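See structure below.
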Amino acid sequence: MAKVRRQQQTTTCHSDAHAEPAAQTLEERLRALQVRNALLEAQIEAQGAAAEAWEAEWYRRSALTNAELIDTTVGQASREAYWGKRVQFKALVIAKALAPYLVPHIVTVHCARHGGRACAGCRRLEADAAAPVALVLTQEAAVVLVDGTAADARTFVARSAGIPASCRAWGYEAVSKANIQDLIISGHYNSIATTEDVDATRRVLYTGHDIKANALYAMRAVVAANPKTNETVYLCDWAEAERDDILDVAVTREMKTAAKFFQPARPNDPRSIAKRLGEIYDDFSDNVTGIFGRERLHLLIDLGYHSVLCWRWEGESTLHKGTTEILVLGDSGQGKSETMMRLRDHYGRGERIDCKSATYAGLVGGLEEMSGRRFMYWGRIPQNDRGLVILDEVKGMAPELIAQMTDVRSSQLAIVTRVGGARRTAARVRYFWLSNPRAKLRVCEYSNGVTAVLDLLGMPEDVRRIDAAIIVSSGEVDQAYIDAKVMSGAAQRTPHTHSAELCRALLALTWSRTGTVLPLDIKKHIVAQSSALAAQYSSQIPLLEPADVRMKIARLSISLAARLGSFTDDWSGVRVERAHVDMVISFLREMYNAENFAFDRWSASQHDGASGDEMQRKFSQLVASMDYPREFVRAIADVQWITRELLYAAISSDADRCREVVAELLRMQYLRKSKNNYTKMPAMIAALRALQDDGVPEAIKAPEHLPAEQTALGDDDDWTNI
């Protein structure tokens, strides 16, 4: 019994001993919860205070204020004198990373030794270890947090929180994060700038969001350097979409004065218009370009410059493309580039692009990897949306690249397709195409200069998009006349009255007008004149394709009217008179009938005057003269570029007979010979389709003008080019 009592007493003592500590633990837990709630309330309050102090802390730590903003440009801001300074500039966002960054903004530091002995030199434990630490994105911080590793970020947090670098008894948690967009910017291409500014591309880390690619912004940034690579980086905390300096332009007194200054005495009189244009280009030749005897070239460049963004017919709501495409083709040393670039400087608008090293990504856009990140990059053409580009040395551009640009030119949209969808942006651009002939020939070595146009651009559909073309050749202007003009003194030259200020004011007025409407009487006149013009020239080289010519005449007539200061009473758009249309028609005939262009002569020589039905019968007879006419049609019907070997094999005859048939197809303008193959012309394509629809004729005896004997083509036959 005594033993049992002792066990019961022991059990009771043990129970009492355990009961008292349990009560103490509950009380401690309640106190701990109260402390934690107090800390959370303090933390929330501190977070609010940190957020309110964010902007002030930026300027305080950087010792910079808005009063110290330095106005500069994208290219100039990277000079060493601006390091650490706060600058502002206009910039075009040409690329941005596919995804933004989220970097720590406010963090909470957790110390394992909180409440115990502090580490030597630790300032963190002297304060409240649970209070948030505001990480201000100073010059170095943004680059470290974006480009650095997790270890780099931890080192930066430790430095910001006052924790010794050797301490490992701490951690941190992000309470708030800042959004940073990684951007590539450049100078604003729509206006003239120094070469350094035009070619400058810089990286920007922007604190914020909603920055759009291919858009113009005013930016404020601190000029910094990447601590790892020493690459210049602009740390931007403020960006505002800039007003469009092309479309968002109010009509000023200077613009109205310029428009009235360029008007002829009688706006609807062709002779008065011709006289006023002569005065303008005499001034330009003597005082701006220094190129003499090239009045047509000056006028054509002016028509390209003064084209509007869009227009419509009266009574219709559809807006039509107003920007033009101008081709200037000719021999070296004839003033093509000099005239173009000096007028560019005079007008203060346009960007020159050297096509010898051009790529589709550089011209239109694409995805590019830079510093381990993928950027969506827009090329030079969409960067000049609503502006003007000068494509120089086009012969250095592969025909395949020109063909790739066909859709951009027609749709006025730049589209880049990537995994997950397509990105698109506007590319409403005025184009100038400048080049020597693609072949190593002078213009005079072409039988007809117009064939050099097709040779340069490659495909008829690319020629079709040219609104007007001119050919300049050696010897076209009398050298004695040029020498006399060069040697003439200032007293003999035309006074320089058409100043850059007047020309730029007129150009700003023209480019900003979007309300041009062509009335019905002008529409009827354009349609009638366009039909007559198209009937004179062959559409095999479709500079004047009947389906397009009225739109080309409308665009060029609007350009001429704008160049001569003809605007509506409310200044909303351009006013086109019948005389402007007649002047454009006359100007095109003058260029295309010129001896070095010979578009009229080449058109007249097509088909030897035979009708379409006659040519079809002639082609059918030629096909029927072959041993295997059906096989011939089947072999080449669906092939655009035909090699010599394929063509000879399709004809299936001896070498002499093959050469004779090919020569006949070339004379009929059914084939066009290029360097390594033959191209079917539209007439041959139509004739082959007709044979497929109506039936290929049976083989007949060869016509008298073709060799009678036909034998299989052997290995020993002569394969000499025709």
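Quick caveat, the model's predicted, so the values are computed rather than measured.
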Count the heavy atoms belonging to other residues, nucleotides or ligands that lie under 6.0 Å from [atom1] of [X], then report whether that count exceeds 12.
X	atom1	value
E595	CD	no
R601	CZ	yes
R442	CZ	no

Hey, is [X] close enough to [Y] for a salt bridge, meaning N to O under 4.0 Å?
X	Y	value
R294	E338	no
R589	D600	no
D521	R578	no
D548	R465	no
R352	D392	yes
K90	E242	yes
D385	R428	yes
R276	E279	yes

For residues [X] and [Y], report the shortest heavy-atom separation together with the two atoms involved.
X	Y	value
V394	R438	O-NH2, 3.8 Å
F432	G304	CZ-CA, 3.6 Å
A598	G449	CB-N, 4.5 Å
I471	V450	CD1-N, 4.3 Å
S512	L509	OG-O, 3.1 Å
G187	L92	O-CB, 4.1 Å

Taking I558 as the fixed residue, which of L518, T510, L303 is the one that meets the side-chain contact (heavy atoms from CB on, under 4.5 Å) rule?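 Of all the options given, the one that passes is L518.
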For the residue pair [X] and [Y], confirm or rule out a side-chain donor-acceptor distance under 3.5 Å.
X	Y	value
T406	D462	yes
E461	S410	no
H298	T289	yes
N214	T425	yes
D302	Y347	yes
S473	N596	yes

How long is the straight-line distance from [atom2] of [Y] back to [atom1] of [X], given to the nearest 0.5 Å?
X	Y	atom1	atom2	result
T323	Q412	OG1	CD	4.5 Å
F587	D582	CZ	CG	15.0 Å
S78	R202	OG	CZ	3.5 Å
Q263	S272	CD	OG	10.5 Å
D331	S474	CG	OG	6.0 Å
M551	E545	CE	CD	14.0 Å

Can you classify the ring geometry of [X] versus [Y] as parallel (below 30°), tilted (30 to 60°) or perpendicular (above 60°)?
X	Y	result
F284	H346	perpendicular
Y537	Y592	perpendicular
H320	W313	perpendicular

Could you tell me if the side chain of [Y] sits less than 4.5 Å from the side chain of [X], heavy atoms only?
X	Y	answer
L665	Y678	no
S337	L434	yes
Y431	N384	no
I541	R672	no
V328	T339	no
I402	R409	yes
L543	V463	yes
M255	W571	no

Ignoring hydrogens and angles, tell me if any N or O in the side chain of [X] forms a donor-acceptor pair with the backbone of [Y] under 3.5 Å.
X	Y	result
S285	I291	yes
D283	T497	yes
K336	L297	no
Y305	R349	yes
D467	I326	no

Test side-chain contact (heavy atoms from CB on, under 4.5 Å) applied to L456 and L327, step by step: CA-CA 10 Å; L456 175 69; L327 171 64; 3.8 Å; yes
Would Y360 and V408 satisfy side-chain contact (heavy atoms from CB on, under 4.5 Å), going step by step from the backbone distance to the final call? CA-CA 11 Å; Y360 183 82; V408 178; 4.1 Å; yes
Stepwise side-chain contact (heavy atoms from CB on, under 4.5 Å) test for V389 and R430: CA-CA 6 Å; V389 295; R430 300 161 181 87; over 6 Å; no
Show your working on side-chain contact (heavy atoms from CB on, under 4.5 Å) between H498 and F261 and close with a plain yes or no. CA-CA 9 Å; H498 304 83; F261 175 77; 3.5 Å; yes
If you draw the axis of the six-membered ring of F262, does the NZ or CZ of R563 fall within 45° of it and under 6.0 Å from the ring centre?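 Because its charged atom sits under 6.0 Å from the ring centre and within 45° of the axis, R563 does stack over F262.
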